[in-house]
Amino acid sequence: MSLPFEPQSGPAPLAALRHSVSHVMADAVLRLFPEGKVAIGPPIEHGFYYDFELPRPLTEEDLPRIEAEMRRILAEAGEFRRLTLSRAEAEERLRAAGQPYKLELLADIPEGEEISFYEHGTWGDLCEGPHVARADQIPADGFRLLSVAGAYWRGDASQPMLQRIYGTAWWSKKDLKKYLAYLEEVQARDHRRLGRELDLFSLHPEFGAGLVFWHPKLAHVRRRLEEWWWRLHEERGYWPVYTPHVAGEPVFERSGHLQNYADMIWAPMDVDGRPHRVKPMNCPGHVTIFNSRRHSYRDLPLRFAELGTVYRYEPSGTLHGMLRVRGFTQDDAHIFCTPAQLEDEIVGVLDLVDVILRTFGYEYTAYLATRPEKSLGDDAIWEHAMAALRAAADRRGLDLADDPGGGVFYGPKIDFKIRDALGREWQGPTVQVDFNLPERFDIQYNDADNTLKRPVMVHRAIFGSMERFVGGLIEHFAGWFPVWLHPCPVAVLPITEEQEEAAAAVLERVRAAGFPAVLRSGGPLRRRVREAEVEKIPYMVVLGAREVDEGRLNLRVHGVKEQRSLTVDEFLGFLREKRDRRDLDY
RNA sequence: GCUGCUGUAGCUCAGUGGUAGAGCACCUCCUUGGUAAGGAGGAGGUCACGGGUUCAAGUCCCGUCAGCAGCUCCA
């Protein structure tokens, strides 16, 4: 993740600063809670955390107190000293300090490795370092404690839950302020907040947690995306299919989903005495269509596409707005091809991924996820698939980072990570080769030599889920959708009642050209301009007596200082161009 | 799912165990306005839900549901 500013450098790497601040924080927390136990406290991307076991839960109100204590410590701490101890000495010291978690960490240090402590003032901690040299190098106004949350000891859900304090630290107050401003920007773009403010979507517990209601404006965005998506797929030889949302349980036993992911599938419902399930995936449906007749090698590759809505029973604590939900629509497709066609098919997918991601201004990185420990299929077939993925990426000039062992049990894949306007990374498209499902459903084609062969299957999704992708777009664009997606790019504002008729005529023409628009009359213009701006409407057409006389309109564009005078035709031409080129700016 | 926090008007939030509040949004009227908040009035509440303590609960206790910050998980 990259930040929109270049942080100042200091006498040590930022990570050393943050690590040191985390030590000072642990010192401060133990001064306030002498019976507390400390666990781990590493530097992280833009700050640090430290995990504690404390006699009572911390609240946000404790953070300023801890910060104050930290500043007291900094004033008197002096040097950060590194000392190496023998294992016995270290054990003795941690036992005396009553620090069971540290003793566990010590026991994990392999024999023969150096055991080091870092001390400042009266505090010492088992630690590899590195740290700053002296406490006075830490700017007292360059750090801030941010939040408290639970975290399992060693990240293991069966271990005790500790309390984690997150903080951030920089070499200057200026950088800290910039970072806090960045966090505020992240908050201001939060799709849940914009979803409410702009009336985009809602969630309703009485319908169920994690089920999204798309309000008209966001539904418009989605429809535009879907229309474009279908056009791109039809141009590339995909065929639309529709498959049922519910299936008898044996379908998911055969696919293996029930055995492997029972927890993630919604509870069964009884239909005519037989258990049925709501589908967690679209692939069994697509395979079933493939299998409904005998295929020739001449049919391949066969590409089935569906905006398929699936339901997965995600744990309650993981639900998050539109980004992590229990019902969502995948932009799913399955390609059935011969092993020899695999590489070309993957090239086609990589090309489509690039076309789609570039349109939104997303940068992306691709990862090749290789064979995991637990997996199916023999080595030769894995090798062939990985070679195809690599060769395809190579032909596209796409660099593949490695994700060793990150593949799914049924085959290797390429995953994309996308970077949004704030430099944050999101889970992006995925292309997966599958050897398992063709096997399980015994799918075949009749080859040129009149023998039955097993096709290879490629799963791929580009948006991933409409919910997650559109939620991400809300944040990426901060609610300012580009013209081609915008649910209402134009507000027509007559200055007085005198211009209402002319305004209505302009409104009609804008709408007829395919752009949603609203007419807002009554009350001061200032107010209506503000309201349209708050609603994130990029184009305001202002009509006063002057404009009506001249047969022109006055155009106010978001983010542009100068107003423009245009005819309606010029304005519509301008809008069409923005739309058809899918421009990202206004 | 786990830990902690939170749940009061559509939104953001005040509210000592004793008659339910503000700003914004909404509605009505006035204002006819030149590029980010004109004025006045009005309506709006099962204080998340279910139990309990108490003469009395928005307020204290327990449970449920949901949301939030993380953790674990995400075929």
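Residue numbers start from 1 in every chain, and the chains themselves are labelled A, B, ... in the order their sequence lines are given, proteins ahead of strands. Every value quoted in this text rests on a predicted model; they were computed, and no experiment measured them.
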Query raised in the report: Which nucleotide in the list B:C11, B:A75, B:G34 gets nearest to the side chain of A:H257?
Result: B:A75
Requested in this report: Flag the pair A:K578 / A:Y586 as yes when at least one side-chain heavy-atom distance between them is below 4.5 Å, and no otherwise.
Outcome: no
Report summary line: Scanning all shown strands, the Watson-Crick or wobble mate of B:G18 with both distances under 3.5 Å is B:C55
Report summary line: Here the distance between atom P of B:U35 and atom CG of A:L493, to the nearest Å, is 12 Å
Report task. For A:R546, report the nucleic acid contact type (base, sugar-phosphate, nothing); a contact means any heavy atom under 4.0 Å. Result -> base
Requested in this report: Report which part of the nucleic acid A:F409 touches: base, sugar-phosphate, or nothing (heavy-atom distance under 4.0 Å, all strands).
Outcome: nothing
**Report entry** Among B:G38, B:G70, B:C74, the one nearest A:R527 by side-chain distance
**Finding:** B:G38
Query raised in the report: Does any donor-acceptor pair link the side chain of A:E60 with the base of B:G4 at a separation under 3.5 Å?
Result: no
Query raised in the report: With sugar-phosphate meaning primed atoms plus P, OP1 and OP2, does A:E535 contact a base, only sugar-phosphate, or nothing at under 4.0 Å between heavy atoms?
Result: nothing
Requested in this report: Whole angstrom is fine here: how far is it from CE in A:M322 over to P in B:C68?
Outcome: 14 Å
Query raised in the report: OP1 or OP2 of B:A36 less than 4.0 angstrom from a side-chain nitrogen or oxygen of A:R520, does that happen here?
Result: no
Query raised in the report: So what does A:V408 hit on the nucleic acid, given a heavy-atom distance under 4.0 Å: a base, only sugar-phosphate, or nothing?
Result: sugar-phosphate
Query raised in the report: Looking across every strand, which nucleic acid part, if any, lies under 4.0 Å from A:G523 by heavy atom: base, sugar-phosphate, or nothing?
Result: base
Requested in this report: Return the value, rounded to whole Å, for the distance between atom CZ of A:F201 and atom P of B:C11.
Outcome: 14 Å
Report task. Identify whether any heavy atom of A:M264 sits under 4.0 Å from a base atom; if not, whether one sits that close to sugar-phosphate; answer base, sugar-phosphate or nothing. Result -> base
Report task. Look at all strands and tell whether A:N554 reaches a base, only sugar-phosphate, or nothing, counting heavy atoms closer than 4.0 Å. Result -> base
Query raised in the report: Less than 3.5 Å between a donor and an acceptor, one on the side chain of A:D156 and one on the base of B:U72, is that the case here?
Result: no
Query - Short side-chain N/O contact from A:R326 to OP1 or OP2 of B:C74, under 4.0 Å - result: no
**Report entry** Under-4.0 Å side-chain N/O to phosphate OP1/OP2 contact, A:R56 with B:G4
**Finding:** no
Report task. Between A:R192 and A:G155, just flag the one whose closest nucleotide in RNA chain B comes earlier from the 5' side. Result -> A:R192
Requested in this report: Check every strand shown and say whether A:Y49 touches a base, only sugar-phosphate, or nothing at a heavy-atom separation below 4.0 Å.
Outcome: nothing
Query raised in the report: Under 30°, 30 to 60°, or over 60°: which ring-plane class applies to A:Y539 and A:F571, parallel, tilted or perpendicular?
Result: perpendicular
Requested in this report: Answer yes if the ring centres of A:H220 and A:F481 are under 6.0 angstrom apart, and no otherwise.
Outcome: no
Report task. Using a 4.0 Å heavy-atom cut-off across all strands, classify A:A262 as base, sugar-phosphate, or nothing. Result -> nothing
Query - Options B:C73, B:G34, B:A36, nucleotide nearest the side-chain atoms of A:E533 - result: B:A36
Query raised in the report: Which value, rounded to the nearest 0.5 Å, describes the distance between A:R326 atom CZ and A:M264 atom CE?
Result: 9.5 Å
**Report entry** Counter-base of B:G7, judged by Watson-Crick or G-U geometry with both distances under 3.5 Å
**Finding:** B:C65
Report task. For B:G34 and B:G39, measure between their P atoms and round to the nearest Å. Result -> 15 Å
Query - Separation of B:C11 P from A:L198 CG (nearest whole Å) - result: 15 Å
Report summary line: Taken to the nearest whole Å, CD/A:Q163 to P/B:G70 is 16 Å
Query raised in the report: In whole angstrom, what separates A:R556's CZ from B:G33's C1'?
Result: 16 Å
**Report entry** Nucleotide nearest A:Y261 when distance is taken to its side chain, options B:A75, B:C71, B:C73
**Finding:** B:A75
Query raised in the report: Could A:D190 and A:R192 be called an ion pair, given the rule that one side-chain N must be under 4.0 Å from one carboxylate O?
Result: yes
Query raised in the report: Can you tell me how far P of B:A75 sits from CZ of A:F252, to the nearest Å?
Result: 17 Å
**Report entry** Minimum side-chain heavy-atom gap A:R189-A:D420 below 4.5 Å
**Finding:** no
Query raised in the report: Got a salt bridge between A:E570 and A:R564, using NZ or NE/NH1/NH2 to carboxylate O under 4.0 Å?
Result: no
Query raised in the report: Contact class for A:P280 vs. all strands (heavy atom < 4.0 Å): base, sugar-phosphate, or nothing?
Result: base
Query raised in the report: Between A:T496 and A:Q427, which has a closest nucleotide on RNA chain B that is more 5'?
Result: A:T496
**Report entry** Mate of B:C2 where both pairing distances stay under 3.5 Å, Watson-Crick or G-U
**Finding:** B:G70
Requested in this report: Measure the acute angle between the ring planes of A:F252 and A:H257, then classify it against the limits of 30° and 60° as parallel, tilted or perpendicular.
Outcome: tilted
Requested in this report: Indicate, yes or no, whether a donor-acceptor pair under 3.5 Å links the base of B:C74 to the side chain of A:R324.
Outcome: yes
Query - B:U12 and B:U8, which share atom name P, separated by this distance in whole Å - result: 9 Å
**Report entry** side-chain N/O A:R468 vs B:C74 OP1/OP2, d < 4.0 Å
**Finding:** no
**Report entry** d(CD, A:E531; P, B:C24) in whole Å
**Finding:** 13 Å
Query raised in the report: Any donor-acceptor pair under 3.5 Å joining the side chain of A:Y152 to the base of B:G70?
Result: no
